[in-house]
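One-based numbering, in listed order, for ligands and for the atoms of each. Just the heavy atoms: all of them, side chains too, but no hydrogens, waters or symmetry mates, feed the values below.
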Amino acid sequence: MLGIDLENVSRFAGWTDKEFARVFSKAEIEYANKFKNKLSHFCGFYCVKEALVKALDNKKLKFNQIEVLHSGSGKPYLNLNEYLINILKEQNLTSAEISISHSKDSATAIVIVN
Ligand SMILES: CC(C)(COP(=O)(O)OP(=O)(O)OC[C@H]1O[C@@H](n2cnc3c(N)ncnc32)[C@H](O)[C@@H]1OP(=O)(O)O)[C@@H](O)C(=O)NCCC(=O)NCCS
């Protein structure tokens, strides 16, 4: 199953730490904050979460429990933590693949779950 999302980076401008913590995991916040264009990175992670909603047709996901991590080369992946494993299990799924792209103004992501 497949999901896609596209968002404007500007939607995250002016967000408070509390708002970021409601949507993003600690690791995502630490990762994005290392970059000058941190809002583009946050926007990409947000697109992953929205694309996952579409792939699963599940609007009840807790966004800050869905976590994007990176391999040594920078390739992003979804952390198969207990929360995500259980969400996938509900639909007899076991794996999730993602891809992210962003520019100054927008970001996009694709998610495939199997
Ligand atoms: C990795 C690469 C493809 C990213 O592309 P980009 O246009 O710079 O950046 P994009 O906005 O499209 O993508 C950024 C996202 O790519 C993802 N990414 C980074 N490294 C990746 C990798 N090795 N594999 C898959 N995805 C990767 C990340 O999710 C990143 O966003 P994040 O850091 O917020 O998670 C690019 O930097 C690269 O190395 N390209 C190869 C260039 C090359 O070999 N050129 C030779 C011809 S001169």
Looking at [atom], tell me if a protein heavy atom falls under 4.0 Å from it.
| atom | value |
| --- | --- |
| atom 5 (O) of ligand 1 | no |
| atom 26 (N) of ligand 1 | yes |
| atom 37 (O) of ligand 1 | no |
| atom 21 (C) of ligand 1 | yes |
| atom 42 (C) of ligand 1 | no |

Quick one: does F45 get within less than 4.0 Å of ligand 1, heavy atoms only?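 For ligand 1, residue contact (heavy atoms, under 4.0 Å) with F45 is present.
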Close-contact set for ligand 1 against [X] heavy atoms, below 4.0 Å:
| X | result |
| --- | --- |
| H41 | 32 (P), 33 (O), 34 (O) |
| S101 | 10 (P), 11 (O), 12 (O), 13 (O) |
| H70 | 32 (P), 33 (O), 35 (O) |

Considering only protein heavy atoms, which is closest to [atom], and at what distance to one decimal place?
| atom | answer |
| --- | --- |
| atom 30 (C) of ligand 1 | H102 NE2, 4.1 Å |
| atom 15 (C) of ligand 1 | I100 O, 3.4 Å |
| atom 33 (O) of ligand 1 | Y31 OH, 2.5 Å |
| atom 23 (N) of ligand 1 | S73 OG, 3.4 Å |
| atom 24 (N) of ligand 1 | K75 CB, 3.4 Å |
| atom 17 (C) of ligand 1 | P76 CD, 3.7 Å |

**Asked** Should L56 and I87 be marked as a side chain to side chain contact (heavy atoms under 4.5 Å, CB included) after you check the CA-CA gap, both sets of side-chain angles, and the distance that decides it?
**Response** CA-CA 9 Å; L56 295 172; I87 292 282; 3.6 Å; yes
Checking the N or O distance criterion of under 3.5 Å, is ligand 1 in contact with G74?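 Yes: some nitrogen or oxygen of G74 is under 3.5 Å from one in ligand 1.
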Self-check item: Nitrogen or oxygen of S103 less than 3.5 angstrom from that of ligand 1
Solution: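 S103 vs ligand 1: no N/O contact under 3.5 Å.
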**Request:** Measure from the side-chain N and O atoms of E28 to the backbone N and O of S25, and report whether any donor-acceptor pair falls under 3.5 Å.
**Result:**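 Checked: pair present.
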### Query
Is L80 reachable from L93 through a run of I, L, V, M, F, W or Y residues, each pair having side-chain heavy atoms under 4.5 Å apart?
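The answer is yes; both residues are in one hydrophobic cluster.
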[Y] ring center within less than 6.0 Å of [X] ring center:
| X | Y | result |
| --- | --- | --- |
| Y31 | H70 | yes |
| F12 | H102 | no |
| F24 | F63 | no |

_Give me the atom names and distance for the closest heavy-atom approach of N64 to A21._
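For N64 and A21, the tightest heavy-atom pair comes out as ND2-O, 3.1 Å.
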- Query: Taking all atoms of both residues into account, what is the closest heavy-atom pair of S103 and V9, and its distance?
  - Reply: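 Smallest heavy-atom distance, with atoms named: O-CG2, 4.1 Å.
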task: Assess whether side chain to side chain contact (heavy atoms under 4.5 Å, CB included) is satisfied between Q65 and L84, documenting all intermediate values.
output: CA-CA 8 Å; Q65 307 277 314; L84 182 55; over 6 Å; no
- prompt: Are E7 and R11 close enough for a salt bridge, meaning some N to O gap below 4.0 Å?
  reply: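 Looking at E7 and R11, the cut-off is met.
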